[in-house]
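Please read all numbers here as calculations on a predicted model, not as lab measurements.
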Amino acid sequence: MSTLQRDPDTRVEILDEDGRVRDGATVPDLDEAQLVEMYREMRLGRHFDQRAVSLQRQGRMGTFPPMSGQEGAQVGSAHALRNDDWIIPSYREHAAVYGKDVGLAETLQYWMGDERGNQMDGKPVFPAAVPIATQIPHATGLAWASKLKDEDRVFLCYFGDGATSEGDFHEGLNFAGVFDTPSIFFCNNNQWAISVPRERQTASQTIAQKATAYGFDGVQVDGMDPLAVYKVTRDAVEKARNPDGDAPRPTLIEAVQYRFGAHTTADDPSVYRDDEEVEQWKDRDPIDRLEKYLRAEGILDDERIETITDEIEDEVAEAIEAAESTERPDPAGIFQHVFDQQPARIANQQAAFERLRDRHGDEELLE
Amino acid sequence: MSTLQRDPDTRVEILDEDGRVRDGATVPDLDEAQLVEMYREMRLGRHFDQRAVSLQRQGRMGTFPPMSGQEGAQVGSAHALRNDDWIIPSYREHAAVYGKDVGLAETLQYWMGDERGNQMDGKPVFPAAVPIATQIPHATGLAWASKLKDEDRVFLCYFGDGATSEGDFHEGLNFAGVFDTPSIFFCNNNQWAISVPRERQTASQTIAQKATAYGFDGVQVDGMDPLAVYKVTRDAVEKARNPDGDAPRPTLIEAVQYRFGAHTTADDPSVYRDDEEVEQWKDRDPIDRLEKYLRAEGILDDERIETITDEIEDEVAEAIEAAESTERPDPAGIFQHVFDQQPARIANQQAAFERLRDRHGDEELLE
Amino acid sequence: MSANDTTETDDLTLVQAVRDGLYGEMDRDDEVIVMGEDVGKNGGVFRATEGLYEEFGNDRVIDTPLAESGIVGTAIGMAAYGLKPVPEIQFMGFIYPAFDQIVSHAARIRTRSRGRFTCPMVVRAPYGGGIRAPEHHSESKEAFFVHEPGLKVVVPSTPRDAKGLLAASIRDPDPVVFLEPKLIYRAFRGDVPTEPYTTPLGEAAVRREGSDVSVFTWGAMAQQTVEAADQLAGEIDVEVVDLRTLSPLDTDAIVESFKKTGRAAVVHEAPKTGGLAGEITATIQEEALLYQEAPIKRITGFDTPFPLYALEDYYLPEPARIKDGIREVVEF
Amino acid sequence: MSANDTTETDDLTLVQAVRDGLYGEMDRDDEVIVMGEDVGKNGGVFRATEGLYEEFGNDRVIDTPLAESGIVGTAIGMAAYGLKPVPEIQFMGFIYPAFDQIVSHAARIRTRSRGRFTCPMVVRAPYGGGIRAPEHHSESKEAFFVHEPGLKVVVPSTPRDAKGLLAASIRDPDPVVFLEPKLIYRAFRGDVPTEPYTTPLGEAAVRREGSDVSVFTWGAMAQQTVEAADQLAGEIDVEVVDLRTLSPLDTDAIVESFKKTGRAAVVHEAPKTGGLAGEITATIQEEALLYQEAPIKRITGFDTPFPLYALEDYYLPEPARIKDGIREVVEF
Ligand SMILES: Cc1ncc(C[n+]2csc(CCOP(=O)(O)OP(=O)(O)O)c2C)c(N)n1
Ligand SMILES: Cc1ncc(C[n+]2csc(CCOP(=O)(O)OP(=O)(O)O)c2C)c(N)n1
Ligand SMILES: [Mg+2]
Ligand SMILES: [Mg+2]
């Protein structure tokens with residue numbers, strides 16, 4: 001547990017900016033295949049991101065929240081989970097939920113305005129949460145229910161630095177402390193909540209220290225170092241699953257990182273932040289660092305990287321193809337899944353709507 | 001500032017349970033008149049409380065929240081304020097707002113179901129807040145507005161231990177930290193939120209330590225020691241008014257105390273807590289302790305105490321007389337003060353209401 | 001499975017029937033969980049959960065921290081995970097901190113996950129005025145919840161309905177806001193079948209048959225309205241329809257009664273503007289304008305904040321005001 | 001002081017007019033403060049506060065933490081202390097965390113302090129669908145606020161009104177929820193007087209005169225409705241009344257138009273059940289039943305959650321649906 005029980009402003013770090021293991025740091029016990037998979041998922045995430053942004057620019061998709069720069073935190077943390085552990089995401093965790101087998105096509109479908117992308121049937125993933133911090137109490141409730149059912153699953157909830165200002169952050173973490181739920185609260189502190197910088201979001205020196213208010217551990221980690229993130233998350237998972245004596249199960253992890261791109265495709269970050277700042281953080285690119293480390297370890301070389309590059313390009317291209325070739329959702333879907341049994345009023349509205357469509361045809365209605 | 005910058009679980013204490021100054025403690029610099037006035041107000045509060053509860057029992061008043069046991073925290077803190085500093089109370093601070101010249105009759109009037117008791121014209125006091133913790137953001141906003149107007153007033157906001165679980169506590173304190181408002185957040189931790197004990201409210205060891213989340217000082221004080229409360233609050237007032245360099249202005253004070261009586265007259269505490277616990281806390285009665293101290297100092301004797309007893313009994317009796325002899329509020333008041341200018345719809349409703357009263361008479365309407 | 005005459009019954013107040021309903025559902029289904037402020041050892045500030053803690057333990061009857069959004073938000077997570085939480089909000093006036101969780105999440109999780117996740121949760125809250133309670137303890141804002149698609153809204157007005165509607169709400173796979181008229185929590189007793197049973201959601205009940213005018217109402221106002229109707233007997237033959245479920249509305253029952261009488265009033269405690277009387281009026285004139293012989297009268301609270309209790313009895317519709325309103329409709 | 005024809009004007013979009021209104025009021029009154037998420041350096045996610053931060057500094061144009069209850073709650077404190085805060089909620093879908101502060105406090109502080117404390121605050125929020133926005137970004141729930149006594153609710157539908165109504169709202173001594181139809185934030189431009197002016201609250205505007213049927217609407221739907229009415233010209237002579245202020249409602253204007261035509265429809269984006277069309281219908285039949293020749297048609301959003309954007313254009317009333325509805329009213 002010692003990784004977690006530390007001064008909240010001592011950051012857990014393993015790789016330095018050049019991908020070298022820092023003095024005194026221990027690399028977590030991950031086999032080659034896992035390390036390569038983490039690398040591949042980060043690369044996939046980055047590439048997906050770029051393609052998604054360009055789809056939006058071409059009018060093939062609505063607003064999209066890119067995640068470049070944040071792959072290390074997502075992939076590192078998701079890999080620390082067991083298959084049946086849950087992820088409760090915000091709206092930016094495209095790479096993390098991919099780790100739970102949510103296909104890229106589904107993610108695209110959601111951002112193309114189709115609820116079916118939010119279904120993720122059978123996967124231990126909760127739907128994307130757009131209203132900030134509202135998923136945090138849900139995550140606590142899911143973990144609590146699982147604990148009441150005597151399972152040993154862990155529930156990892158993602159949110160941003162801005163989310164920590166919302167009442168729901170406070171209430172969700174406080175409940176987790178009181179009911180000692182198997183919860184990990186993972187803050188992707190990417191320094192910005194749209195245009196509001198981290199230091200205007202709260203006067204506390206770190207976000208990790210906010211755990212003090214709830215009686216459990218808070219820890220800061222280099223969020224652009226996938227190995228450090230993995231390590232911290234794995235320790236938190238361990239503690240949540242098998243708490244050590246009276247140690248509380250929940251943990252707040254603050255993963256310090258940076259969003260390289262815009263908040264969403266509707267945002268223009270040049271209005272509120274300097275390119276220099278962005279460039280400085282780009283020196284810590286999680287992909288470069290892991291790549292350098294894996295090269296140095298002899299796990300990756302040019303050839304394998306090229307293969308990976310080809311594979312991920314294909315995978316993303318296929319996902320886009322799949323998402324775009326999916327039939328548009330049936331307009332009748334508006335009236336479905338409102339309740340288990342459709343009440344008469346909604347049935348009547350649906351019938352009137354179908355008559356309207358018959359009368360005018362979709363073209364006229366949508367013009 | 002050293003009183004405030006301490007480990008949040010080191011409690012500030014001055015008097016011991018027998019009213020003796022603890023080893024190493026310094027009695028704050030208060031003159032005799034002030035000390036006697038503090039004593040008198042605590043006695044007045046206690047007596048008021050008892051009379052109010054019995055008024056409720058006799059059906060002469062609605063639900064009432066008694067404060068016995070909490071007088072030390074209220075009086076000690078209110079005395080640390082300057083005349084033009086503000087109090088933003090919850091619903092239980094009858095003695096604190098008295099210190100701001102809110103008459104007991106007004107307090108009674110409010111609890112007798114008459115809004116006029118909430119007006120407190122000209123006094124730096126905000127109306128009672130029944131929805132838990134909602135006054136905390138108001139308090140931050142008042143302090144912030146005053147700061148923006150370049151005043152040097154301080155705004156003291158009261159709330160209970162239960163209130164710290166609400167999102168509004170979190171948001172209000174976080175804003176205070178970010179905008180560095182001249183705020184004191186004073187938690188009357190009376191160990192219970194109705195039937196929920198302090199340790200089921202949050203897993204944090206102290207409430208004071210929650211200040212860590214907002215980047216300012218949190219301090220625990222013996223809330224049944226009016227001198228310790230005075231000292232801590234005065235230091236917090238000082239810091240809020242004249243911050244020392246970069247020290248943040250706001251402070252969270254946790255005043256550890258106990259509610260001797262029921263949560264309100266509608267509550268039966270015997271269902272959820274043992275008499276023994278109550279008795280133990282009664283040994284720390286703030287009134288006894290200050291009385292013993294003042295006797296030992298030669299400031300009070302039997303005679304002065306008797307005079308005070310007579311005076312407060314008269315004062316409370318007069319307040320009850322005044323409240324009960326106040327004319328009932330005019331039913332037309334329902335329609336007033338909804339907006340600055342009465343809209344037509346409300347005017348029509350008022351006219352219809354007056355016709356109804358004319359037709360039936362109040363007796364029939366209220367039967 | 002509705003109760004019939006040979007069933008064993010108890011003579012209960014409305015709040016006792018709520019408690020009985022909770023007990024019955026917890027007993028038959030381990031997934032039902034009661035949670036909220038003071039619902040455990042204290043048995044609820046109105047004693048609606050009395051004895052449940054002792055019976056079912058603190059894993060199923062849970063005293064929570066004082067945080068409504070946290071209560072409903074965690075309950076949504078529990079419900080999505082297969083439990084059937086029944087969170088209590090201590091008074092309706094304190095439901096607003098949880099409003100976002102109710103309208104943005106509970107109401108939408110089924111739709112937005114295309115049926116994968118559901119929210120079989122019942123949010124219970126005492127509501128309404130008339131008990132000399134402190135500020136913020138007396139409001140009636142059922143219309144807020146009715147306007148949110150994906151929520152059901154249920155209001156019992158008798159002990160028997162309280163138990164049956166609560167059981168139906170708990171067994172319902174969708175989120176229900178269950179509002180309990182606290183003015184009549186203990187105002188009278190009624191026969192309540194001892195065994196668990198359900199009273200179907202979405203069905204109004206005719207409390208009093210009549211041919212001159214239909215009065216639609218619910219909650220504590222159902223009693224006031226029946227009283228007014230009884231006082232008018234001989235002069236005007238009033239039909240009183242207790243809607244019981246406010247969402248989905250029993251439009252058929254409303255329209256059927258109206259077609260019979262051609263005249264109507266709606267009685268509710270909530271402020272008039274934006275209250276459900278407007279919805280009901282609009283529904284009637286959409287479906288049965290040709291039967292309408294007089295304006296539909298809204299006999300409601302005023303468009304003012306609910307006053308402190310010294311004046312609350314002036315605010316609430318009572319028999320005199322209801323009778324005058326009904327007369328107006330009939331004399332038009 | 002309404003603008004007249006000789007006034008100097010600018011050609012602005014609705015969102016520019018909002019910005020212009022804010023600028024004008026901040027310029028003439030130091031007590032006006034703009035606050036919210038991203039309103040400062042970023043100029044607001046819709047650029048409604050662009051340049052204000054540079055002009056008035058960070059004491060008057062304040063980027064807040066991400067916390068809506070904190071934003072509105074502190075604004076209430078500021079307002080009670082004599083400032084005139086204009087908090088922005090980034091999208092109406094995110095106003096609910098602040099719902100308690102709005103309905104329990106902003107709306108009530110005047111009443112409960114018998115006029116001592118007031119709340120001259122304007123909560124601005126873009127609302128409504130049609131811009132392919134993400135989830136929770138497209139709802140229209142104006143009815144929630146209309147049902148709360150003590151609040152005013154204002155919705156502009158033209159650039160000129162946007163500036164004038166916003167100025168009037170800011171100068172109003174009571175709390176206003178100011179909803180901006182974001183679908184038409186940039187859909188067209190209009191003449192807007194350069195100098196500050198106010199457009200009075202509580203007064204509807206006839207957008208199109210007609211004698212066959214009155215259609216009441218507001219916000220983005222005002223445009224759709226005028227378009228539908230224009231398309232019906234020759235066939236049906238439609239009067240379009242833009243309510244502009246939803247609370248207090250301009251009952252006189254509604255009734256006057258209805259008495260002229262005897263037929264009406266209401267068009268809104270919000271779900272039908274519990275929406276304001278019900279209120280308007282009830283008001284009309286209370287005041288003018290004898291003039292009524294057909295059921296009042298509610299042409300509204302469905303009683304379903306607002307769908308993700310692939311289907312949103314099916315959800316929103318558009319000219320075809322509005323025309324059919326109007327025809328139904330006229331052909332009854
Ligand atoms: C309750 C709520 N308020 C406002 C918004 C609008 N909004 C969307 S994202 C965002 C900033 C979030 O910042 P942060 O929590 O740091 O997460 P990030 O986007 O940086 O990952 C805001 C204000 C929202 N979605 N929900
Ligand atoms: C938002 C809200 N939820 C619930 C209540 C009902 N209630 C009134 S007092 C109280 C307990 C408050 O406990 P605490 O904050 O410790 O203050 P205390 O009463 O002990 O002074 C509760 C739950 C309320 N008034 N407001
Ligand atoms: Mg961020
Ligand atoms: Mg307490």
Asks: For chain C, which candidate among B:Ile334, B:Thr134, B:Val271, B:Val196 shows the most heavy-atom pairs at distances under 4.5 Å?
Replies: B:Ile334

Asks: Would you say the side chain of B:Pro131 lies within less than 4.5 Å of the side chain of C:Phe94, judging by non-hydrogen atoms?
Replies: yes

Asks: Can you confirm whether B:Arg57 is buried at CZ, in the sense that more than 12 heavy atoms of other residues, nucleotides or ligands lie under 6.0 Å from that atom?
Replies: no

Asks: What part of C:Thr64 is in contact with chain B, defined as an atom under 4.5 angstrom from a non-hydrogen atom: side chain, backbone, both or neither?
Replies: backbone

Asks: Just checking, any donor-acceptor pair under 3.5 angstrom between side chains of B:Thr63 and C:Arg132?
Replies: no

Asks: Any side-chain to backbone donor/acceptor pair from B:Arg200 onto C:Pro65? Under 3.5 Å, distance only.
Replies: no

Asks: If you tally heavy-atom pairs under 4.5 Å against chain B, which of C:Glu37, C:His136, C:Glu312 wins?
Replies: C:His136

Asks: For the residue pair B:Pro331 and C:Leu311, what are the closest heavy atoms and their distance?
Replies: CA-CD2, 3.8 Å

Asks: Which atom names give the shortest non-hydrogen contact between C:Ala320 and B:Glu364, and what distance separates them?
Replies: CB-OE2, 3.7 Å

Asks: Is the number of heavy atoms from other residues, nucleotides or ligands within 6.0 Å of NZ (C:Lys41) greater than 12?
Replies: no

Asks: Compare every heavy atom of B:Gly162 with every heavy atom of C:Leu66, then report the nearest pair and how far apart it is.
Replies: CB-O, 3.5 Å

Asks: At a heavy-atom separation under 4.5 Å, does C:Asp303 approach chain B through its side chain, its backbone, both, or neither?
Replies: both

Asks: Considering only heavy atoms, which portion of B:Ala163 lies under 4.5 Å from any heavy atom of chain C: side chain, backbone, both, or neither?
Replies: backbone

Asks: Hey, which of C:Thr273, C:Ile131, C:Asn42, C:Val45 has the most heavy atom pairs under 4.5 Å with chain B?
Replies: C:Asn42

Asks: Considering the options B:Gln109, B:Glu115, B:Met112, which one meets the side chain to side chain contact (heavy atoms under 4.5 Å, CB included) requirement together with C:Leu308?
Replies: B:Glu115

Asks: By a 4.5 Å heavy-atom criterion (distance strictly below it), what part of B:Asp330 contacts chain C: side chain, backbone, both, or neither?
Replies: backbone

Asks: C:Tyr314 versus chain B, heavy atoms under 4.5 Å apart: side chain, backbone, both or neither?
Replies: both

Asks: Quick one: what part of C:Asp63 sits under 4.5 Å from any heavy atom of chain B, side chain, backbone, both or neither?
Replies: side chain

Asks: Is C:Glu50 close to chain B through its backbone or its side chain, or both, or neither, when contacts mean heavy atoms under 4.5 Å?
Replies: neither

Asks: Of the backbone (N, CA, C, O) and the side chain (C-beta and beyond), which part of B:Arg345 lies under 4.5 Å from a heavy atom of chain C, both, or neither?
Replies: side chain

Asks: How about CD on B:Glu276, more than 12 heavy atoms from neighbouring residues, nucleotides or ligands closer than 6.0 Å, or not?
Replies: no

Asks: What residue, out of B:Asn118, B:Thr264, B:Val338, B:Asp168, has the most heavy-atom pairs lying under 4.5 Å from chain C?
Replies: B:Val338

Asks: For a quick test of reading the model, state the closest non-hydrogen atom pair linking B:Ala193 to C:Asp38 and the distance between them.
Replies: O-OD1, 3.5 Å

Asks: Evaluate whether atom CD of B:Gln341 has more than 12 neighbouring non-hydrogen atoms of other residues, nucleotides or ligands under 6.0 angstrom away.
Replies: no

Asks: For B:Leu365, which atoms come within 4.5 Å of any heavy atom of chain C: side chain, backbone, both, or neither?
Replies: both

Asks: Select one option (side chain, backbone, both, neither) describing which atoms of C:Glu68 are under 4.5 Å from chain B's heavy atoms.
Replies: both

Asks: Evaluate side-chain contact (heavy atoms from CB on, under 4.5 Å) for C:Thr304 paired with B:Gln350, printing each intermediate quantity in order.
Replies: CA-CA 10 Å; C:Thr304 70; B:Gln350 179 169 1; over 6 Å; no

Asks: Rounded to the nearest 0.5 Å, what's the gap from OH on C:Tyr315 to CZ on B:Phe335? Could you check?
Replies: 9.0 Å

Asks: Of the non-hydrogen atoms in B:Trp111 and C:Tyr309, which two are nearest, and what is the gap between them?
Replies: O-OH, 3.1 Å

Asks: Going by atom types alone, do B:Tyr110 and C:Glu135 pair a side-chain donor with an acceptor below 3.5 Å?
Replies: yes

